> 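Below is one structure. I have some questions about it.
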Amino acid sequence: MSAADPVRGTCPTPLTEAEKVLLGHGSGGQLSTELLREVVVPALGAAATETVPEDAAVVDVAGVDLVISTDAFVVSPLFFPGGDIGVLAVHGTVNDLAMMGAEPLAMAVAYIIEEGFPVTDLRRVTASIGAAAAAAEVRIVTGDTKVVGRGAADGLFVTTTGIGRRLPGVRVSAAFARPGDVVLLSGPIGAHGTTILSTREALGFEAEIASDTRPLHWLVAKMVADASYGIHTMRDPTRGGVASALNEIATASGVGIEIDETAVPVPAPVAAACELLGLDPLHVANEGCLVAMVAPESAEALLATMRSTPEGRRAVRLGEVVSEHPGRVIMNTLMGGKRVVDMLVGEQLPRIC
């Protein structure tokens, strides 16, 4: 460039090779969404068929609606009050299938094991997987095992694939929420994430808090049996918590969602832990509850159905779907005001599932 050439005031584009994956890209919040939208889906090209973020995919096989989901589990620590990585792997897979209205049928399980990992712990995790699968009436039909060198993994990682059959009459999607729908939540929030953090950092809260991990497919089956036509959307608010799940639904459906702060069920020990640690319970991960967008004429019956089950006995009416502020979630606060409930930004609690 000569001295006479003009200097252009343009911002340089970061080089691709300089970009790095951050912990926040696995948070289930805004960075996770950006990673999928800007990197993963474009790179897959024509092979990527889903444009709406779902917990699982429906695949038509000879006229039968099968549902398939895959997941990875890297929770630290491996063992915690209320469960372990094995139980979490089974419940997480079963629940992802259930959120698409499926009856879980079978699972594949694979291990990535670090050299030196105690065999006694491997037996313990595997026994948990077997017991949890048997209790959920899901078969383990295949799997794989890989061992990597010391330092190449953190003890044990578990990956799963689940397959199920969609229940008759069910048509749910994150894109199906409609203005007027009622938002139902099946139970208290925040227990899993605070349990993991407390156990990992030896904070002491685990004496009062345990993970809420549990299978939800029987709850879903009961809801579907009573009012399948009235259920438009279901989602289990795991990574990123209820806030991220509601924002995903609002964006996919092009609607607004309003929730009432007085209706948010946060157990007292969880609330105390979140206040001390500066966490928003709406961003904390859960492993044993679901949110559902249901037709207003079905809401009271479905709420009663949920409360009749062990998994949903503390279900609440959380809010409603509105046509205003599409793509946004608003909370009506205790003080009579309103605040925006955003998706989780960055990584609040790494490796919680």
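In this text, all values refer to a predicted model and were calculated from it rather than measured experimentally.
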> Checking R307 side chain against A315 main chain: does a donor-acceptor pair fall under 3.5 Å?
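Side chain of R307 to backbone of A315: a pair is present.
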> Just jot down the salt bridge (Lys or Arg N to Asp or Glu O under 4.0 Å) partners of D144, sequence neighbours excluded, or say none.
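D144 satisfies salt bridge (Lys or Arg N to Asp or Glu O under 4.0 Å) with K146 once adjacent residues are dropped.
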> Centre of F79's six-membered ring, under 6.0 Å away, within 45 degrees of the axis: is that where NZ or CZ of R124 sits?
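Yes, R124 sits over the ring of F79.
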> Between R235 and M293, is there a side-chain heavy-atom distance shorter than 4.5 Å?
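Result no, sub-4.5 Å side-chain heavy-atom pair not found.
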> Report yes or no: do V264 and V182 belong to one cluster of Ile/Leu/Val/Met/Phe/Trp/Tyr joined by side chain heavy-atom distances under 4.5 Å?
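No: no chain of side-chain contacts under 4.5 Å links V264 to V182.
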> Taking side chain to side chain contact (heavy atoms under 4.5 Å, CB included) as the test, write out the residues that go with S211, two or more places apart.
F80, H192, T213
> Checking the side chain of R239 only, and the main-chain atoms of C353 only, is there a donor and an acceptor separated by less than 3.5 Å?
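No.
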> Indicate the atoms forming the closest heavy-atom contact of A177 with V321, along with that distance.
CB-CG2, 4.5 Å
> Roughly how far, to the nearest 0.5 Å, is the CG atom of L105 from the CD1 atom of I68?
11.5 Å
> Might you confirm whether atom CD of E38 has over 12 heavy atoms from other residues, nucleotides or ligands at distances under 6.0 Å?
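Enclosed.
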> Which heavy-atom pair separates R200 from P77 by the least distance, and what is that distance?
CB-CD, 3.9 Å
> With a 3.5 Å distance limit and no angle check, can you tell me whether N95 reaches the backbone of H91 through a side-chain donor-acceptor pair?
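Yes.
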> Are Y111 and I129 packed together at the side-chain level, in the sense that at least one heavy-atom pair is separated by less than 4.5 angstrom?
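In short, these two side chains touch, coming nearer than 4.5 Å.
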> Let me see the working for E258 and H325 under side chain to side chain donor-acceptor pair (under 3.5 Å), right down to the final yes or no.
CA-CA 10 Å; E258 295 193 358; H325 53 81; 3.1 Å; yes
> Could you tell me if the side chain of D236 sits less than 4.5 Å from the side chain of D55, heavy atoms only?
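They are in contact (side-chain heavy atoms under 4.5 Å apart), so the answer is yes.
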> Between E114 and G151, what is the shortest heavy-atom contact and its length?
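For E114 versus G151, the nearest heavy atoms are OE2-N, 2.6 Å.
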> Are side-chain heavy atoms of V58 and M100 found at a separation under 4.5 Å?
yes
> Between S253 and A250 (side chain of the first, backbone of the second, donor and acceptor by atom type, cut-off under 3.5 Å), is there such a pair?
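Checking the backbone N and O of A250 against the side chain of S253, no donor-acceptor pair under 3.5 Å is found.
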> As an exercise, state the distance from CD of E311 to NE2 of H217, rounded to the nearest 0.5 Å.
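Spacing of CD (E311) from NE2 (H217) equals 8.5 Å.
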> Show your reasoning for whether side chain to side chain contact (heavy atoms under 4.5 Å, CB included) applies to D260 and L318.
CA-CA 6 Å; D260 295 320; L318 190 62; over 6 Å; no
> Taking CZ in R139 as the centre, count heavy atoms belonging to other residues, nucleotides or ligands within less than 6.0 Å. Is the count above 12?
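12 or below, so no.
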> How long is the straight-line distance from CZ of R166 back to CG of D60, given to the nearest 0.5 Å?
9.0 Å
> Does one hydrophobic cluster hold both I163 and F73, with members joined at side-chain heavy-atom distances below 4.5 Å?
no
> Pair T238, E287 - check side chain to side chain donor-acceptor pair (under 3.5 Å), show working.
CA-CA 6 Å; T238 53; E287 291 292 343; 5.0 Å; no
> Indicate yes or no: at least one non-hydrogen side-chain atom of L78 is less than 4.5 angstrom from one of D121.
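The answer is no, as the side chains (C-beta and beyond) never meet within the 4.5 Å cut-off.
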> Walk me through whether C274 and T194 qualify under side chain to side chain contact (heavy atoms under 4.5 Å, CB included).
CA-CA 7 Å; C274 287; T194 50; 3.8 Å; yes
> Which residues pass the side chain to side chain contact (heavy atoms under 4.5 Å, CB included) test with N247, not counting sequence neighbours?
V329, M343
> Does any part of the side chain of V148, heavy atoms only, come nearer than 4.5 Å to the side chain of I113, both counted from C-beta?
no
> Would you please test D154 and R351 for salt bridge (Lys or Arg N to Asp or Glu O under 4.0 Å) and show each step?
CA-CA 11 Å; D154 187 8; R351 296 182 58 184; 2.9 Å; yes
> Report the distance from atom CE of M331 to atom CD of E261, rounding to the nearest 0.5 Å.
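Separation between the atoms: 5.0 Å.
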> Please check this pair: side chain of E320 against backbone of G180, looking for a donor-acceptor N/O pair closer than 3.5 Å.
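Absent.
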> What's the shortest heavy-atom distance between C289 and L185, and which atoms?
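Here C289 and L185 meet closest at SG-CD1, 4.2 Å.
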> Would a distance-only check, ignoring hydrogens and angles, find a side-chain to backbone donor-acceptor pair under 3.5 Å from S69 to T93?
no
> Are L246 and L302 connected, step by step, through hydrophobic side chains (Ile, Leu, Val, Met, Phe, Trp, Tyr) whose heavy atoms are closer than 4.5 Å?
no
> Are L184 and V294 packed together at the side-chain level, in the sense that at least one heavy-atom pair is separated by less than 4.5 angstrom?
yes
> List the steps, then state whether salt bridge (Lys or Arg N to Asp or Glu O under 4.0 Å) holds for E300 with R317.
CA-CA 9 Å; E300 288 305 316; R317 180 176 179 142; 3.3 Å; yes
> What do the steps show when you test S198 against I209 for side chain to side chain contact (heavy atoms under 4.5 Å, CB included), and what is the final call?
CA-CA 9 Å; S198 178; I209 307 171; over 6 Å; no
> Do V109 and V74 share a hydrophobic cluster, counting only Ile, Leu, Val, Met, Phe, Trp and Tyr and linking them when any side-chain heavy atoms are less than 4.5 Å apart?
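V109 and V74: separate clusters.
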> Going from CD1 on I330 to NZ on K338, what distance comes out if it is rounded to the nearest 0.5 angstrom?
7.5 Å
> Consider only side-chain heavy atoms of I, L, V, M, F, W and Y, link residues closer than 4.5 Å, and tell whether I196 and V87 are in one cluster.
no
> Is the shortest heavy-atom distance from the side chain of T70 to the side chain of T160 under 4.5 Å?
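Of all side-chain heavy-atom pairs linking T160 with T70, none is under 4.5 Å.
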> So, E248 side chain and A174 main chain: donor-acceptor pair closer than 3.5 Å or not?
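Looks like no, no N/O pair under 3.5 Å.
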> Would you find a donor on one side and an acceptor on the other, under 3.5 Å apart, between the side chain of S308 and the backbone of T305?
yes
> Got a second to check how far D212's CG is from T195's OG1, nearest 0.5 Å?
8.0 Å
> Show the numbers, then the answer: is there a side chain to side chain contact (heavy atoms under 4.5 Å, CB included) between I112 and L156?
CA-CA 6 Å; I112 299 175; L156 175 69; over 6 Å; no
> Can you tell which of V220, V94, V172 makes a side-chain contact (heavy atoms from CB on, under 4.5 Å) with M99?
V220
> For A243 and V341, work out which heavy atoms get closest and say how close.
CB-CG1, 3.6 Å
> Closest approach of G288 and S186, non-hydrogen atoms and distance?
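Shortest heavy-atom contact: O-OG, 4.4 Å.
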> Does one side chain, of S128 or D84, offer a donor that lies under 3.5 Å from an acceptor on the other?
yes
> Does any N or O in the side chain of D280 come within less than 3.5 Å of the main-chain N or O of L282, such that one atom is a donor and the other an acceptor?
yes
> Is a donor from one side chain sitting under 3.5 angstrom from an acceptor on the other, for E34 and H25?
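Their side chains do not contain a donor-acceptor pair, so the 3.5 Å distance test is not met.
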